[in-house]
Amino acid sequence: MTANLPGWPVGLPTVLADAMAVAAAAGGPFSASRSAALDAAEAFPETEFALLNAAGLPRAYVPARLGGAPGGLPELLDALREVARRDMTVAVAHGKTFLGAVSTWVAGTEEQQRALARLVLDESAVIAWGLTERGIGSDLLAGSLTATSGPDGEWRLTGEKWPINNATRGQLICVLARTDPAGGPRGFSLFLVDKSALPRGTWQPLPKELTHGIRGADISGLRLCDAPVPADALIGKPGDGLGIVLRALQLTRTLCAALSVGAGEHALRLAGEFAAERALHGTLLIRLPLARRVLGRAAASLALADAAALLAGRCAHGLPREMSAVSAAVKAGVPWIVQQTIDDLAELLGARGFLTDYHADGMFQKLERDHRIVAVFDGSTAVNRSLLISQFPVLARLIRTGTYDAAGLAATTGETPLPELDPTALRLVSRTGCSVVQAVPDAAARITALAAAGSVPPRAAELAAMLSEQTTALAEAMAELPPSGRNAPAAAFAVARRFEACFAGAAALHLLAALGGTERAVTLTAALERCLELLVPSHRPPPAAYECLVPPIAQSVEEPAR
């Protein structure tokens, strides 16, 4: 979906894609054989890391006003998606620096932000984010790593953070620490710890953990023992830590969608290439209707996931106050859609999708393992659905009344350049709901007018009307549920999944309204078709609904000799 709207830049992502393609073609970094070897050895991708640094990826981690790339969160999303399309392990390992830095962008002082920007831009500093600990899962309020203040303003940190991406390799680590023994929402603070400045014996790396996927990543931990950090290591004020983290997570959860979409696109490419080569029943697999249906539907699923990721990234700029709902919907929904797609493609490949030495050096089984971790990152699927459930009363009411932030939505989907991302505008709870979903009826009316004018396929208007009906039904389902806290019933999670699908469909609908008359209209119409399949089990797309999305390689292959 790159470069379809103003403000969705292609500069850095294109540079990255070209650099990786050249290196891979020469059998070097990002080639299938090298990625397979690194995975088998569980070795960190040092050379790939250096290539991305040289190509300028660290610029995407820094706000434009501090010297970073100009495209904001959408450009970072597209940049990491390009990396994930080659090797998700590398994308996860490299992208962690943004996660480690984002709390400083959200709540750091101007001096702290400029100092950190210099480290990232000038030295490609690796930064980790230390939130979790053993035995507490996603319950950050149960964290036991402590920070105590001294009379000179210095802080002393004691405890462990585990498991943490780049905990050992990172030069700095942003640590959430308990500063009030009683804990609670105001009992934690954030510190940006420079490991190189700590006295010997006050810190120790924990061993690398063996993992099912992303085997080469530095998944380890950090132990601090009365480690002294200066007063200016504190980000925000004492007691602000949890609130800063929750706002920062709205950006990092959205970024996770890039990992999923990139992995899904990698899977589709591999499956398409395999189907174009595989002889079966006297013909090629890709010529068979069932195979073409699987490939086309997979492409439609990825177009749907891509639309959700793209619009969510733009929402961070145009509708920042709604990101508590948007980020939860995208973080739960996009990996769910993509994992179903990967599973379908795995069936198409059969046993060869699980072998390490048969097709493309076993890249399919690697990406399948790698992708499963995305659902766990930055709050699991259940955690993010719980966040949505807690906002059901507001979301249901605003869908029913058709109320939404028209100006913010116009800035998100319109032709004017995106406003700069303002992290201070992020809110823990959205008071205006989710405008992308709430505006579905109005967007559907625009699609109907575009279809009448011949700017979009007639089927798009039918699907838009169906999605509008489903959105209304969703509001009724949310309203019928009792207010839920931490003990939401199973039915509420099923409704949350419907909301995620509605958000993805609404994103495709808004993009279709903005891009009517372009070749993307056909792809987005197919994405809407797939959305209705996810929302309505009885929905049956027309037989040729996805045929146009079968990879182009299908049109040029030759029949095998009989």
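Scope of the values below: all heavy atoms of this structure, side chains included, with no hydrogens, waters or symmetry mates. Not measured: the values here are computed from a predicted model.
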Mind running side chain to side chain donor-acceptor pair (under 3.5 Å) on T252 and D378 for me, showing each step along the way? CA-CA 7 Å; T252 64; D378 295 9; 2.7 Å; yes

Check the pair M478, V495 against side-chain contact (heavy atoms from CB on, under 4.5 Å), reporting the backbone distance first and the verdict last. CA-CA 7 Å; M478 289 190 292; V495 174; 3.6 Å; yes

Determine, step by step, whether F499 and L395 satisfy the side-chain contact (heavy atoms from CB on, under 4.5 Å) criterion, reporting the C-alpha distance in whole Å, the side-chain angles of both residues, the deciding distance to 0.1 Å, and the verdict. CA-CA 10 Å; F499 185 93; L395 294 169; 4.0 Å; yes

Going through the checks in order, is the salt bridge (Lys or Arg N to Asp or Glu O under 4.0 Å) test met by R114 and D122? CA-CA 12 Å; R114 293 197 175 280; D122 298 342; over 6 Å; no

Apply salt bridge (Lys or Arg N to Asp or Glu O under 4.0 Å) to the pair K96 and D218, showing each step before the final yes or no. CA-CA 10 Å; K96 189 65 178 187; D218 169 23; over 6 Å; no

Applying ring pair (Phe, Tyr, Trp, His ring centres under 6.0 Å), run through F49 and F44 and close with a yes or a no. CA-CA 9 Å; F49 221 86; F44 191 85; 5.2 Å; yes

For the pair S260 and H371, evaluate side chain to side chain donor-acceptor pair (under 3.5 Å) and give the outcome as yes or no after the intermediate values. CA-CA 7 Å; S260 275; H371 180 259; 2.7 Å; yes

Check step by step if salt bridge (Lys or Arg N to Asp or Glu O under 4.0 Å) holds for R85 and E82. CA-CA 5 Å; R85 292 171 78 177; E82 287 292 344; 3.3 Å; yes

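For E110, the CD atom counts as densely surrounded, since its 6.0 Å shell holds more than 12 non-hydrogen atoms of other residues, nucleotides or ligands. More than 12 heavy atoms of other residues, nucleotides or ligands sit less than 6.0 Å from atom CZ of R134.
Formation of a donor-acceptor pair under 3.5 Å by the E368 side chain with backbone atoms of F364 is not found in this model. Under the 3.5 Å distance criterion, the side-chain polar atoms of K195 are left unmatched by any main-chain donor or acceptor of Q204. Looking only at distances, no side-chain donor or acceptor of N166 sits under 3.5 Å from a matching main-chain atom of I127. Side chain of K161 to backbone of L131: a donor-acceptor contact under 3.5 angstrom is found. A distance-only check finds a donor-acceptor pair linking the side chain of S189 to the backbone of G239 [under 3.5 Å]. Looking at K208, its side chain does come within 3.5 Å of a backbone N or O of A217 through a donor-acceptor pair. With hydrogens and angles ignored, the 3.5 Å screen pairs no side-chain donor or acceptor of Q113 with any backbone N or O of L66. Side chain of R156 to main chain of D226: a donor-acceptor pair is present (N/O by atom type, distance under 3.5 Å, no hydrogens or angles). Formation of a donor-acceptor pair under 3.5 Å by the E160 side chain with backbone atoms of R223 is not found in this model. In this structure, the side chain of R427 engages the main chain of T424 through a donor-acceptor pair within 3.5 Å.
Counting only heavy atoms from C-beta outward, the side chains of S103 and W129 approach each other to under 4.5 Å. Proximity of P199 to P228: side-chain heavy atoms (C-beta onward) are separated by under 4.5 Å at one or more points. The closest side-chain heavy-atom distance from V245 to L249 is below 4.5 Å. The side-chain heavy atoms of I214 and N165, taken from C-beta on, include no pair separated by under 4.5 Å. Looking only at side-chain heavy atoms (C-beta outward), R385 and E500 come within less than 4.5 Å of each other. Proximity of M20 to L52: side-chain heavy atoms (C-beta onward) are separated by under 4.5 Å at one or more points. Put simply, the side chain of L57 reaches to within 4.5 Å of the side chain of L80, judged on heavy atoms. Side-chain atoms of T89 and L38, non-hydrogen and from C-beta on, never get closer than 4.5 Å to each other.
With respect to the salt-bridge test (charged N to carboxylate O, under 4.0 angstrom), the residues R169 and E46 qualify. Using a cutoff of 4.0 Å between basic side-chain nitrogens and carboxylate oxygens, D422 and R247 are not scored as salt-bridged. Using a cut-off of 4.0 Å between Lys/Arg side-chain N and Asp/Glu carboxylate O, K366 and D361 are scored as not salt-bridged.
A side-chain donor from one of S324 and Q391 sits under 3.5 Å from a side-chain acceptor of the other. The closest side-chain donor-acceptor pair between T432 and D405, if any, does not fall under 3.5 angstrom. Using modelled atom types and a 3.5 Å distance limit, the side chains of S144 and E133 yield a donor-acceptor pair.
Remark: F377 engages no residue in a ring pair (Phe, Tyr, Trp, His ring centres under 6.0 Å) (not counting sequence neighbours).
Across R86, R34, H94, a single residue satisfies side chain to side chain donor-acceptor pair (under 3.5 Å) together with E48, and that is R34.
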